[in-house]
Trainee: 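Structure incoming, see below.
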Amino acid sequence: MIPVNRTEPAWWTTSVVYQVYPRSFADSDGDGIGDLAGVTGRLDYLHELGIDVLWLSPIYPSPQDDNGYDISDYQDVDPLFGTLADLDELIAQAHQRGIKIVMDLVVNHTSDEHPWFVESRSSVDSPKRDWYWWRPARPGTTPGEPGAEPTNWGSFFSGPAWEYDEASGEYYLHLFSRKQPDLNWENPEVRRAIHQMMRWWLDRGVDGFRMDVINMISKELPPRDGAVPTAERDGVVPAGAVHGDGGPFFLCGPRIHEFLAEMHAEVVAGHEATLLTVGEMPGVTIEQAQLFTDPDRHEVDMVFQFEHVGVDQGDSKWDVLPLRLTALKESLGRWQEGLAKAGWNSLYWNNHDQPRVVSRFGDDGEHRVRSAKLLGTVLHLHRGTPYVYQGEELGMTNAPFAAVEDFRDIESVNHYRSAVELGADPRRVLDGLRRMGRDNARTPMQWDASPGAGFTTGTPWIGVNPNHVEVNAETAVADPDSVFHHYRRLIELRRSEPAVALGDFTMLLEDDPVVYAFLRRLGDVELLTVANFSGAPARPAVPGYDEWLEAELLLGNVAGSSGPELAAWEARVHRRTMTG
Ligand code: ISL
């Protein structure tokens, strides 16, 4: 069904976005860190894959406390990654190949080294004091002492969300690291400065924005204490367990829709036909997402929601539960339904914050190739805009991190330190990091079997996964049966088969613990996807499946398979035209 309120479906309904994490993609100068010239050098590969949009994780000047999500200048390029001229070249080269460039917009916070914060911190009378969240200590406490923070909120990267500034005797808010102070969006000057900066990027030729934790920019006033979780499971102390949950006060806060509508009016209006905006929104509900993405409301085109990447989590992200396929289907199915009439889904398994999906929901051993293809098939056949994270199209896996020293990510490093300090068993904490740590996504892109995986000729900033000798782009491109070519076909299918992009969605077999099955329908075309999420054969209990076996097999991942039973990790997409 074509979304209501729209005569022509938006261009991004038939598009696929590819995310590049520049630090880990391709290093052109041998310093061990990926860079912009490296990305430009690999555009032909991306063109062959067939993607429409490239989302570039932050390349701005940054102290790199959180790998560039701590920005000290919004309008330049960090020398680590190159120059503005290199970025212009990347944009031009991408455009020549019909690939759009979407920039990461990180405006919930800046770096503490951004001149705005340096100025804000310099004095309580600074004209920029109010650009950030400065608050006095909790009444009746001694400023700087534990527990004197203005609220009990924990930061996402362990420890309190408030940092004491001795010079002024006040605290500033940082939902992430202490080097990422939160901007105060209540202040109209802040909003104007951000809008101006965004327009500057559009003038430079970029095609849109992926908006980092954008549903956190509006905070409920005054900031108050959050609930303190009590559960501590089996000796694993969840990050933030000793802190309160500030989420209810800053997730989709009171002015969020106003701020996004204003941003749209100030920056995007008039360019809707060519731009893409996607809001990253931890904790967003379907009801909120409907409002954010309803085209009539002019806020954002789509959001990244987090529900389906939480189905294997217990009390915290480090407390990993086995996947229940029924829970995954229930969640994704509800989102499909919720955004069917107005609004739009984004579809993703992976990004730079998530472990590798083939290790998480698939089988990264015996059935790596097949299960990677299955996961791609299931995701890409949903309704929404699919995002492919670098290396996903090769079936890249989690990394065999041996010790805590192998991790680089501030979230993992801080969590390990604080959990162990609080008495958790280091082996269990390490086990959590291995399974859920963000560095799993950040090991270098595997281009070939050479010692640096074709990523670098130098020493990589984080270890290369030793399986690059087998899992790499060179091998995959040369093999027509590879995960790469399967993704290429999926991307092509979205363009050639309108039912993939625009068909309505019906989940089937909701209670089946092993088979994921759903229908897509557009006009008289019907597509059935069936996928066996297990290492044993399974029969899809889809009513009338025998008749489907007579229909066209659009795509599969097991050569020559045709019977009523699916092999281990087999996925099929059938197509038929309804008659009568
Ligand atoms: O992975 C997470 C921590 O458990 C997420 O909560 C993550 O921090 C959240 O998805 C927000 O992510 C974005 O903002 C962060 C940055 O570290 C992430 O890389 C970015 O994607 C702060 O800018």
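For the single chain, residues carry numbers from 1 onward in sequence order.
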Trainee: Could you walk me through whether Glu307 and Ser331 pass the side-chain hydrogen bond (donor to acceptor under 3.5 Å, both in side chains) test, one step at a time?
Mentor: CA-CA 7 Å; Glu307 214 182 88; Ser331 172; 2.8 Å; yes
Trainee: Any side-chain to backbone donor/acceptor pair from Tyr389 onto Ala441? Under 3.5 Å, distance only.
Mentor: yes
Trainee: Is it true that Glu186 and Arg255 make a salt bridge, defined as a side-chain N closer than 4.0 Å to a carboxylate O?
Mentor: yes
Trainee: Looking at His47, I'd like to know if its NE2 atom is crowded, meaning that more than 12 non-hydrogen atoms belonging to other residues, nucleotides or ligands lie closer than 6.0 Å.
Mentor: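 Not buried by this count: 12 neighbours or fewer within 6.0 Å.
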Trainee: For the pair Tyr171 and Tyr164, name the ring-plane relationship: parallel under 30°, tilted 30 to 60°, perpendicular over 60°.
Mentor: tilted
Trainee: Indicate whether the side chain of Ser62 and that of Asp78 have a donor and an acceptor atom separated by less than 3.5 Å.
Mentor: no
Trainee: With ring-ring contact (aromatic ring centres under 6.0 Å, His included) as the criterion, how do Trp201 and Phe209 come out once you've worked through the C-alpha distance, each side chain's angles and the decisive distance to 0.1 Å?
Mentor: CA-CA 10 Å; Trp201 279 109; Phe209 300 99; 8.2 Å; no
Trainee: For Pro386 and His380, which heavy atoms make the closest approach, and how far apart are they?
Mentor: CB-CE1, 3.6 Å
Trainee: Can you check whether Ala399's main-chain N or O pairs, donor with acceptor, with Asn440's side chain at less than 3.5 Å?
Mentor: yes
Trainee: Working to the nearest 0.5 angstrom, can you tell me the gap between Ser155 OG and Glu411 CD?
Mentor: 9.5 Å
Trainee: Would you check if Ser24 and Thr443 make a side-chain contact, meaning some heavy-atom pair closer than 4.5 Å?
Mentor: no
Trainee: Applying ring-ring contact (aromatic ring centres under 6.0 Å, His included), run through Phe25 and Trp447 and close with a yes or a no.
Mentor: CA-CA 9 Å; Phe25 192 64; Trp447 295 105; 5.1 Å; yes
Trainee: First locate atom CD1 of Ile33, then atom OG1 of Thr459, and finally report the distance between them rounded to the nearest 0.5 Å.
Mentor: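 Going from the CD1 atom of Ile33 to the OG1 atom of Thr459 covers 11.0 Å.
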Trainee: Looking only at non-hydrogen atoms, find the nearest pair between His264 and Glu272 and report the distance.
Mentor: CE1-OE2, 3.1 Å
Trainee: Show your working on side-chain hydrogen bond (donor to acceptor under 3.5 Å, both in side chains) between His257 and Glu299 and close with a plain yes or no.
Mentor: CA-CA 7 Å; His257 293 287; Glu299 295 186 24; 2.7 Å; yes
Trainee: Could you measure the distance from the CH2 atom of Trp349 to the CD atom of Gln354? Nearest 0.5 Å is fine.
Mentor: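 Here the interatomic distance stands at 11.5 Å.
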Trainee: List the atom of Met263, the atom of Met211, and the distance in Å for their closest heavy-atom pair.
Mentor: SD-CE, 3.7 Å
Trainee: Apply side-chain hydrogen bond (donor to acceptor under 3.5 Å, both in side chains) to the pair Trp344 and Thr385, showing each step before the final yes or no.
Mentor: CA-CA 8 Å; Trp344 190 250; Thr385 300; 2.8 Å; yes
Trainee: Can you sort out the partners of Ala289 under side-chain contact (heavy atoms from CB on, under 4.5 Å), two or more places apart, ordered by chain and number?
Mentor: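 Expected list: Val284, Val303, Trp335, Leu339.
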Trainee: Test Trp133 against every option in Leu183, Asn184, Leu175 by the side-chain contact (heavy atoms from CB on, under 4.5 Å) rule and name the one that passes.
Mentor: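 Single pass found, and it is Asn184.
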Trainee: Check whether any side-chain heavy atom of Leu493 sits under 4.5 Å from a side-chain heavy atom of Arg489, and report yes or no.
Mentor: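 Leu493 vs Arg489: side chains apart.
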Trainee: For Phe304 and Tyr348, take the angle between the two ring planes, folded into 0 to 90°, and tell me which bin it lands in: parallel under 30, tilted 30 to 60, perpendicular over 60.
Mentor: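 Because their plane-to-plane angle is over 60°, the rings of Phe304 and Tyr348 count as perpendicular.
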Trainee: Are any side-chain N or O atoms of His95 and backbone N or O atoms of Ala92, one a donor and one an acceptor, separated by less than 3.5 Å?
Mentor: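 It does not hold such a pair.
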Trainee: Is a side-chain donor or acceptor of Gln288 paired with a backbone partner of Ile286 at a separation under 3.5 angstrom?
Mentor: no
Trainee: Between Arg204 and Asp88 (salt bridge meaning N to carboxylate O under 4.0 Å), is one present in this structure?
Mentor: yes
Trainee: When you measure from the side chain of Asp70 to the backbone of Lys179, do you find a donor-acceptor pair of N or O atoms at a distance under 3.5 Å?
Mentor: no
Trainee: Do the side chains of Arg121 and Glu163 get close enough for a salt bridge, i.e. N-O under 4.0 angstrom?
Mentor: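 No.
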Trainee: Where does the angle between the aromatic ring planes of Trp134 and Tyr172 fall among parallel (under 30°), tilted (30 to 60°) and perpendicular (over 60°)?
Mentor: perpendicular
Trainee: Tell me, do Arg192 and Gln196 make a side-chain contact under 4.5 Å, heavy atoms counted?
Mentor: no
Trainee: Here's a test for you: under side-chain hydrogen bond (donor to acceptor under 3.5 Å, both in side chains), which of Asp104, Asp353, Asn67, Asn351 qualifies with Tyr21?
Mentor: Asn67
Trainee: Counting C-beta onward and ignoring hydrogens, is there a side-chain heavy-atom pair between Asp439 and Ile462 closer than 4.5 Å?
Mentor: yes
Trainee: State which residue, out of Thr277, Leu291, Ile214, fulfils the side-chain contact (heavy atoms from CB on, under 4.5 Å) condition with Leu260.
Mentor: Ile214
Trainee: For the residue pair Pro22 and Ile59, what are the closest heavy atoms and their distance?
Mentor: CG-CG2, 3.5 Å
Trainee: Got a second to check how far Ile410's CD1 is from Phe176's CZ, nearest 0.5 Å?
Mentor: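 Nearest 0.5 Å value for the CD1-CZ distance: 11.0 Å.
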Trainee: Anything under 30° is parallel, anything over 60° is perpendicular, the rest tilted; go ahead and classify Trp131 against Trp116.
Mentor: perpendicular
Trainee: Charged N to carboxylate O under 4.0 angstrom, Asp409 versus Arg438?
Mentor: yes
Trainee: Could you measure the distance from the CG atom of Asp212 to the CD atom of Glu280? Nearest 0.5 Å is fine.
Mentor: 5.0 Å
Trainee: Is the backbone N or O of Gly30 less than 3.5 Å from a side-chain atom of Asp27, with the two atoms forming a donor-acceptor pair by type?
Mentor: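 A pair under 3.5 Å: yes.
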Trainee: To the nearest 0.5 angstrom, please state how far the CZ atom of Phe484 sits from the CG atom of Leu49.
Mentor: 4.5 Å
Trainee: Determine the minimum heavy-atom distance between Met302 and Trp12, stating which atoms define it.
Mentor: CE-CE3, 3.7 Å
Trainee: Please answer whether the main-chain N or O of Val278 pairs with a side-chain N or O of Asp301 as donor and acceptor at a distance below 3.5 Å.
Mentor: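 No, because the side chain of Asp301 does not come within donor-acceptor range (under 3.5 Å) of the backbone of Val278.
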Trainee: If you look at every heavy atom in His485 and Ala476, which pair is closest and at what distance?
Mentor: CD2-O, 3.4 Å
Trainee: Hey, is the main chain of Ser177 close enough, under 3.5 Å, to the side chain of His174 for a donor-acceptor pair?
Mentor: yes
Trainee: Do Arg23's NZ or CZ and the ring of Trp461 fall within the cation-pi criteria of under 6.0 Å and 45°?
Mentor: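 The answer is yes; both the distance and angle limits are met.
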Trainee: For the pair Arg199 and Glu266, find out whether any cationic side-chain nitrogen is under 4.0 Å from an anionic carboxylate oxygen.
Mentor: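 Salt bridge present between Arg199 and Glu266.
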Trainee: With distance as the sole criterion, is a donor-acceptor pair present between the side chains of Thr110 and Tyr132 under 3.5 Å?
Mentor: yes
Trainee: Report, as yes or no, whether the 6.0 Å neighbourhood of atom CZ on Arg178 holds more than 12 heavy atoms from other residues, nucleotides or ligands.
Mentor: no
Trainee: Between Trp153 and Leu173, is there a side-chain heavy-atom distance shorter than 4.5 Å?
Mentor: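 The answer is yes; the side chains approach within 4.5 Å.
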Trainee: Could you tell me whether a side-chain N or O of Asn345 sits under 3.5 Å from a main-chain N or O of Leu347, the two making a donor and an acceptor?
Mentor: no
Trainee: With a 4.5 Å limit on heavy-atom distance, are the side chains of Gln180 and Asp66 in contact?
Mentor: yes
Trainee: Treating Ser120 as the side-chain partner and Lys128 as the backbone partner, does any N or O pair qualify as donor plus acceptor under 3.5 Å?
Mentor: yes
Trainee: State which residues pass ring pair (Phe, Tyr, Trp, His ring centres under 6.0 Å) with Tyr69; sequence neighbours excluded, sorted by chain then number.
Mentor: His352
Trainee: Of all residues at least two apart in sequence or in a different chain, which pass the side-chain contact (heavy atoms from CB on, under 4.5 Å) check with Asp448?
Mentor: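 If we apply the side-chain contact (heavy atoms from CB on, under 4.5 Å) test to Asp448, skipping adjacent residues, the hits are Ser450, Glu474.
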Trainee: Within a strict 4.5 Å, meaning less than it, do heavy atoms of the Asp207 and Thr274 side chains meet?
Mentor: no
